[in-house]
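The structure appears below as structure tokens.
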Amino acid sequence: MPARVFVTGGTGFIGAYLLDALAAAGCEVLAQRRSAAPAAPAGVRWTTTPLDALEPADLRSCDALVHLASVGISPRVASWQECLRWNVDATIRLAQVAHQAGVRRLVVAGTFAEYGRSADRYDFIPTDAPLLPTTAYAATKAAAFVALGALAAELQLELCYLRIFSAYGEGQHESNFWPALRRAALAGQDFEMTPGEQLRDYIPVQDVAAAFAAAVVRPHVPRGLPWVQNVGTGVPVSMRAFAEHWWAHWGASGRLHIGARPYRPNEQMRFVAKVPRATTA
């Protein structure tokens, strides 16, 4: 088991859960944070060194690097230039710095959005589906994956690349679907949404964190060849059914106005992961 893990994006939505999971697994964790951050869990220390300023000395003696930090994650908006700088250039630089520091394993967060239009070809998207992204965020994440794969081959790195599907839970940005739904439900307000026919692969954030923690301590990862996993359930759920379930769960007194909002332009209607032993429907 890796004794020391460096985590970027430690104060983010998934990062906060991952720190707890790694600490519970007995790992010593050094995590990057913004200037304002909560108290660190037991076994976790903070660093405020910016992502693009990290040097080998900052990661020295670490066994694994978990890279969660990205820009352009919905609902935050980032330009193409920002996405290229942080999601590609800074990521590759960080991987090189980690290698120079002697870090043996990289665990990097990807996104289901990298598959893009490939979602039209598959009921359950395999990890080797073509990457056909349709946004700056997704395109630059896909570009980083390709570049990391080449770097892993060149430097014989252990690379775990985990594409996260529709994660939800406490601590998610308030403008995302699940937190916005909950806020309206608990306030007794009505909630407007699309017709909700989109099929998504919803996964609790705790399960996402557990998948990353498992990748950190996984006993066998081939050197030079990316080990790619979808982090999802493999169970398709419509956004309408998801909303109705949680609306009832919270005992909401307001009304769900289904169909009050239009679909987004170029909305992909199905994103469901192919995962081992998934329940299909």
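Side chains included, hydrogens not; waters and symmetry mates left out as well; all remaining heavy atoms used. Here, residue 1 is the first one in the sequence, and each next residue gets the next number. What you are looking at is a predicted structure, and each value in this text was computed from that prediction instead of being measured.
- A salt bridge links Glu267 with Arg200: the closest approach of a Lys/Arg side-chain nitrogen to an acidic carboxylate oxygen falls below 4.0 angstrom.
- When only modelled atom types and interatomic distance are considered, Thr111 and Arg163 share no side-chain donor-acceptor pair under 3.5 Å.
- Distance alone, capped at 3.5 Å, is enough to place a donor-acceptor pair between the Thr8 side chain and the Ala69 backbone.
- A side-chain donor from one of Thr233 and Asp201 sits under 3.5 Å from a side-chain acceptor of the other.
- A side-chain donor from one of Asn230 and Tyr115 sits under 3.5 Å from a side-chain acceptor of the other.
- Minimum interatomic distance between Gly169 and Val205 (heavy atoms only, all atoms of both residues): CA-CG1, 4.2 Å.
- Ion pairing of Arg270 with Asp120 is absent here, as no side-chain N (NZ or NE/NH1/NH2) approaches a carboxylate O to less than 4.0 Å.
- Using a 3.5 Å distance cut-off with no hydrogens or angles, the side chains of Lys274 and Thr127 do not pair a donor with an acceptor.
- A donor atom on one side chain and an acceptor atom on the other are not found under 3.5 Å apart for Tyr17 and Glu170.
- Between the side chains of Tyr161 and Glu114, a donor-acceptor pair is found at a separation under 3.5 Å.
- Listed by first and then second residue, the salt bridge (charged side-chain N to carboxylate O under 4.0 Å, His left out) pairs involving residues 236-251 are Arg240-Glu244 (not counting sequence neighbours).
- Note that the CH2 atom of Trp80 and the OG1 atom of Thr140 stand 7.0 Å from one another [nearest 0.5 Å].
- Remark: Glu28 engages Arg4 in a salt bridge, criterion side-chain N to carboxylate O under 4.0 Å.
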